[in-house]
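Beneath this line is the structure, given in structure tokens, with notes to follow.
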Amino acid sequence: MSIFRKLKRIPIQYPFAFGIGISTVKTSFSDYLVQTVIEKKEKIDWKRNLAFASFGFFYLGGIQYTLYVPIFGRMFPNAASFAAKKMKDKLKDVRGQFALVSQVFIDQCVHHPLMYFPAFYMTKEFVTSNGNPDFGKALATCKQNMKEDLLALWKIWVPATLLNFAFMPMYMRIPCVAATSAVWTCVLSAMRGGDVIHSDDMAGGVVSGASFQLMKEGIGELFNCEVETDTSSAHICVSAAGPDKVGWVSLVADAVANEGGNITQSKMIRLGNEFIILMHVAVPPEKVRTLISHINSNEDLEPLNIRTSFLTKRQTGKFDKAVSGLRIHCLGKDRPGMLAAVAKKVSEEKLSVENITTEIRMDKSGNRLFSIDCDCTSSKRLSKKELEDLFEDFNVLKEELNFDIVDIRVHID
């Protein structure tokens, strides 16, 4: 017997093991492709890859095989014989056609909303939670996003499942599902590799709105400003700059804490021989004057030239509440004008900047890479068409500035 014939008999003799193996390899490879091609990671996150491989092993391989082969085989005893018939015989077999449509309906309208998507969202939560998953939140997000997820799913998988169940022998059902999702993942990666991440990215190898929908978190959780949310405290901005010295951070933090101040947002960085500090401090109103006086008169802190100023919340009616948020990350070879161009584009899109940070990185070849991270908000709930237009505008900017990566994450309240 030739090697080809031996290999051909493997899925027939060991359908369950073959389906699990294909699903595990496919899901692991899909995540590897996303990390290397779309996210352009230099170092693979193997822990995350293992989580997705596990999802492929236990769910896509194990549970889906059990549903598609033994369960559907018992519910629809003529399914295998219908798939083996010639097309002209299929067209005459009304009972077989009814069984085919019934299998697709159960898979797409029962299995996916009640089993697949909850399992995917919980896996996603487990992967991204850094060891502290909130499965209740994951299921709530799943319920919120179900309609859009299913509409995106059905565009691809209703026709694919019809072809699968109509023509494939039972032992090839899971490999067919794996092949379809793997091919689509490759198409997405080829079209969008290193570009803006779109709302219809893949979820566990299945095309859906999941990657976009998983970011539908509260704007307040992501773009939180303590000055506006903590109404019981007084708020001050502390800025300082002076000759670099070991222990500056400790001295400033102790001085603030000793007078009842709480440092929330801060940025401290050494630039050449200068050490720069910028921080927000929340303090009980009755202690604010004492705190300011203490840090301004502290002789140990005198070389830092500390300055303080009061912060107040924006007046109601003077601004519109943010309902959409974008996190924009750009990375490319350093050249003058990169920040100016990105800032101009953000302004043209009528987005309000909440935070921008930039830095210079060095790659393995010694090239200077300029990195921009911009958090911005909009008082307008952006439609899918508006988001697609925005993505396209940033793709044009990516080409103009020769960015290696332009990554946009959208969050909607």
Output yes when a side-chain donor or acceptor of [X] lies under 3.5 Å from a complementary backbone atom of [Y], and no otherwise.
X    : Y    : result
S28  : T24  : no
W248 : P243 : yes
Q108 : V104 : no
S347 : A343 : no
N296 : I292 : yes
K333 : F403 : no
T141 : K137 : yes
S324 : K380 : yes

Of all heavy-atom pairs between [X] and [Y], which one has the smallest distance, and what is that distance?
X    : Y    : result
L331 : S371 : CD1-CB, 3.8 Å
A79  : Q103 : CB-NE2, 3.8 Å
I295 : A255 : CG2-CB, 3.8 Å
W154 : P159 : O-CD, 3.6 Å
V227 : K313 : CG1-N, 3.7 Å
P70  : T66  : CD-O, 3.1 Å

Requested in this report: Applying side chain to side chain contact (heavy atoms under 4.5 Å, CB included), run through L382 and L326 and close with a yes or a no.
Outcome: CA-CA 11 Å; L382 302 174; L326 288 86; 4.0 Å; yes

[X] versus [Y]: any side-chain heavy-atom pair under 4.5 Å?
X    : Y    : answer
P336 : M338 : no
D254 : V252 : no
F391 : L387 : yes
V346 : I356 : no
M87  : F167 : yes
K90  : Q97  : no
L150 : F117 : yes
I106 : M75  : yes

Enter the distance from [X]:[atom1] to [Y]:[atom2] here, rounded to the nearest 0.5 Å.
X    : Y    : atom1 : atom2 : answer
I372 : I328 : CD1   : CD1   : 9.5 Å
N298 : I306 : CG    : CD1   : 7.5 Å
S352 : D375 : OG    : CG    : 11.5 Å
M115 : Q64  : CE    : CD    : 9.0 Å
L369 : C330 : CG    : SG    : 13.0 Å
E349 : L390 : CD    : CG    : 4.5 Å

[X]: which residues meet the side-chain hydrogen bond (donor to acceptor under 3.5 Å, both in side chains) condition with it, sequence neighbours left out?
X    : value
D230 : S232, S233
S383 : E386
D373 : H329
D393 : none

Requested in this report: Determine, for F165 and R173, whether the Lys NZ or Arg CZ falls below 6.0 Å from the six-membered ring centre while staying within 45 degrees of the axis.
Outcome: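 Judged by the rule (NZ or CZ under 6.0 Å from the ring centre, within 45° of its axis), R173 counts as positioned above F165.
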
Requested in this report: Kindly indicate, with the supporting measurements, whether the criterion side chain to side chain contact (heavy atoms under 4.5 Å, CB included) is fulfilled by F370 and L339.
Outcome: CA-CA 9 Å; F370 187 67; L339 176 60; 4.2 Å; yes

Requested in this report: Using the six-membered ring wherever Trp is involved, compare the ring planes of F76 and F72 and label them parallel, tilted or perpendicular (cut-offs 30° and 60°).
Outcome: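 Geometry flag for F72 against F76: perpendicular rings.
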
Check: residues 270-288 side-chain donor-acceptor pairs under 3.5 Å, at least two apart:
from : atom 1 : to   : atom 2 : distance (Å)
R270 : NH1    : G272 : O      : 2.8
H280 : ND1    : T264 : OG1    : 2.3
H280 : NE2    : H235 : ND1    : 2.8

**Report entry** side-chain hydrogen bond (donor to acceptor under 3.5 Å, both in side chains): pairs with one or both residues in residues 301-312, sequence neighbours excluded
**Finding:**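 Passing the test, one end in residues 301-312: no pairs.
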
Query raised in the report: CZ of F105: more than 12 outside heavy atoms within 6.0 angstrom?
Result: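 No.
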
Query - Stepwise side chain to side chain contact (heavy atoms under 4.5 Å, CB included) test for E400 and L397 - result: CA-CA 5 Å; E400 291 177 352; L397 184 67; 4.0 Å; yes

Requested in this report: Indicate whether the side chain of Y68 and that of N164 have a donor and an acceptor atom separated by less than 3.5 Å.
Outcome: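 No, no side-chain donor-acceptor pair sits under 3.5 Å.
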
Report task. Considering only NZ, NE, NH1 and NH2 on the basic side and carboxylate oxygens on the acidic side, decide whether K350 and E348 come within less than 4.0 Å. Result ->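 No, no charged N to carboxylate O under 4.0 Å.
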
Report task. Show the numbers, then the answer: is there a side chain to side chain contact (heavy atoms under 4.5 Å, CB included) between M122 and L139? Result -> CA-CA 7 Å; M122 287 192 288; L139 291 175; 4.2 Å; yes

